[in-house]
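Presented below is the structure to which this report refers.
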Amino acid sequence: MVREFLLPDIGEGLTEAEIVRWLVPEGERVEADQPVVEVETDKAVVEIPSPYAGTVLRHGGVEGETIRVGSVLVVIGDDGEVATSTDSISEREPTHAASPIVGSLSEEAEVLSPVGPAGAGERTKEVKALPIVRKLAREMGVDLGQVRGSGPEGRVTREDVLAATPSATEAAAPAEESTPQEGTASPSEDSGEDERRPLSRLRRTIASNMARSWAEIPHVTTFDEVDATRIVEIRSALSARHEVKLPMEALVIKAVIPALEAFPDFNATLDGDDLIVHGAHHIGIAVDTPDGLLVAVVRDAAALAVLDIASEVRRLGEGARERSLAPDELTGQTFTVSNIGAVGGGQGTPIVPYGTTAILSVGRAQEKVVVSNGDLAIAPVMPLSLSYDHRVIDGAQGRRFMALVIENLEEPALFLAG
């Protein structure tokens, strides 16, 4: 029996995903619940298990291809079943009758016969290339018709495309061609050429979310500073006792929880004319990753001890940087903490994540002169920036929330005893 497995919605509002890597080749056996493919969604790279056991007859796309939710992801047959011409993927782009798909299962390449300009009456040479190579060529501005393929049967490879990019071509030009003539500007005097770089899927998601938040949420940001002497001491003591570095986010989250309980509008979602005040406290933490900023979520933070929060912050941070977190670990926050001090930042104007009403940014603690009991002293001072949705939260309420957070951070016993 031939069964089609459709790409499921594995996240909130997912509409499409990019195939990163097939874990089971065509023609190989797959067990039920065995990961069959690795896909990249808007925020995460996840493995999708097969719901059936049997033989993988067809992949629904090649690595690097984007397919929509509801499209056929993989076709699976009974053990020993052989793929036939009828086991096709209806969602794949049809190819022209004169341009069949050629190549082996592992090196499948499209053969296209592009026509020349209208009225030219000629066809250009056939081009063999994988879809992912064609995508790279489009991104790099390379005309595949002008590239000599080095792969099997003249197939154009990824390396061929990279070697044919304008920058690579210029670098390979003879030295005498690059020697400036008398009276002309040298290359070092030129301003250089612009570079067009396509945004990654994650960066496009970040851009869309930021633009939506900024366009729809009227932001107000309030700034303050905290004498971080006690919070730094507590962090050092706990780290030494438990022989593990305690993330500052863990203590900040624990300090914020009482403020969220006292001012529940900061732990809410504005839905039309209704305000949904959340009973649980799912705290988002902003994670700086090589691919861009991700917000991972510490769920039910109010129910966790500070060491448990610390362990979860470390786990989520590592998972975010490795792009291994599940979609539900990257969505659903009710309040967000951004520790820009981890990268040397101070005060800023954080953007409220869409679907929430506030975000707290914590900067790097630096020694400053402070007044303590009427005397001048040197103390580590930590900057705070609180942004909130002015449709829901007024300035006075924002200041009260910030005051309670500051009180807790300056004396951690107030929240650690709870």
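Numbers for residues simply follow the sequence, beginning at 1.
Side chain of Ser71 to backbone of Ile67: no donor-acceptor contact under 3.5 angstrom is found. In this structure, the side chain of Thr55 does not engage the main chain of Gly77 through any donor-acceptor pair within 3.5 Å. For the pair His282 (side chain) and Asp300 (backbone), a donor-acceptor distance under 3.5 Å is present. No donor-acceptor pair under 3.5 Å is formed between the side chain of Ser361 and the backbone N or O of Pro350. Not one N or O on the side chain of Asn408 forms a donor-acceptor pair closer than 3.5 Å with the backbone of Phe415. A side-chain donor-acceptor contact under 3.5 Å links His219 to the backbone of Ile217. A side-chain donor-acceptor contact under 3.5 Å links Arg204 to the backbone of Leu199. Under the 3.5 Å distance criterion, the side-chain polar atoms of Ser311 are left unmatched by any main-chain donor or acceptor of Leu307. In this structure a side-chain-to-backbone donor-acceptor pair under 3.5 Å is missing from Glu28 to Pro25.
For the atom pair Glu312 CD and Glu249 CD, the distance stands at 13.0 Å (nearest 0.5 Å). For the atom pair OG1 of Thr357 and CZ of Phe263, the computed distance is 13.0 Å after rounding to the nearest 0.5 Å. Atom-to-atom distance recorded for Leu57:CG and Ile76:CD1 is 8.0 Å, nearest 0.5 angstrom. The distance from atom CD1 of Ile351 to atom OG1 of Thr221, rounded to the nearest 0.5 Å, is 9.5 Å. The distance from atom CD1 of Ile234 to atom NZ of Lys254, rounded to the nearest 0.5 Å, is 14.0 Å. How far CG of Leu73 is from CZ of Arg68: 15.0 Å, rounded to the nearest 0.5 Å.
By the 6.0 Å contact criterion, CZ on Arg323 is enclosed, its count of non-hydrogen atoms from other residues, nucleotides or ligands being greater than 12.
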Might you work through the side chain to side chain contact (heavy atoms under 4.5 Å, CB included) test for Leu409 and Leu384, ending with a clear yes or no?
CA-CA 11 Å; Leu409 289 173; Leu384 302 178; 4.1 Å; yes

Run the side chain to side chain contact (heavy atoms under 4.5 Å, CB included) test on Val297 and Leu316 for me, step by step, so that the C-alpha distance in whole Å, both residues' side-chain angles and the decisive distance to 0.1 Å come before the verdict.
CA-CA 8 Å; Val297 183; Leu316 291 170; 5.7 Å; no

Can you list the steps and then say if Val24 with Gln34 is a side chain to side chain contact (heavy atoms under 4.5 Å, CB included)?
CA-CA 9 Å; Val24 180; Gln34 176 186 346; 3.6 Å; yes

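Checked by atom type, the side-chain pair His278/Thr269 shows a donor-acceptor distance below 3.5 Å. Counting only N and O atoms by type, the side chains of Tyr52 and Arg3 include no donor and acceptor under 3.5 Å apart.
Comment: Arg29 engages Glu31 in a salt bridge, judged by a side-chain N to carboxylate O separation of less than 4.0 angstrom. Between Arg58 and Glu4, no side-chain nitrogen of the basic residue sits less than 4.0 Å from a carboxylate oxygen of the acidic one, so the salt-bridge criterion is not met. By the 4.0 Å N-to-carboxylate-O rule, Glu329 lies close enough to Arg315 to be salt-bridged with it. In summary, Glu63 and Arg21 do not engage in a salt bridge, as defined by a charged side-chain N under 4.0 Å from a carboxylate O. By the 4.0 Å N-to-carboxylate-O rule, Lys368 lies too far from Asp227 to be salt-bridged with it. The pair Arg399-Asp224 counts as a salt bridge, with a side-chain nitrogen and a carboxylate oxygen less than 4.0 angstrom apart.
Of all heavy-atom pairs spanning Phe266 and Leu260, the tightest one is CB-CD2, 3.7 Å. For the residue pair Trp22 and Gly61, the shortest heavy atom distance occurs at NE1-O, 2.8 Å.
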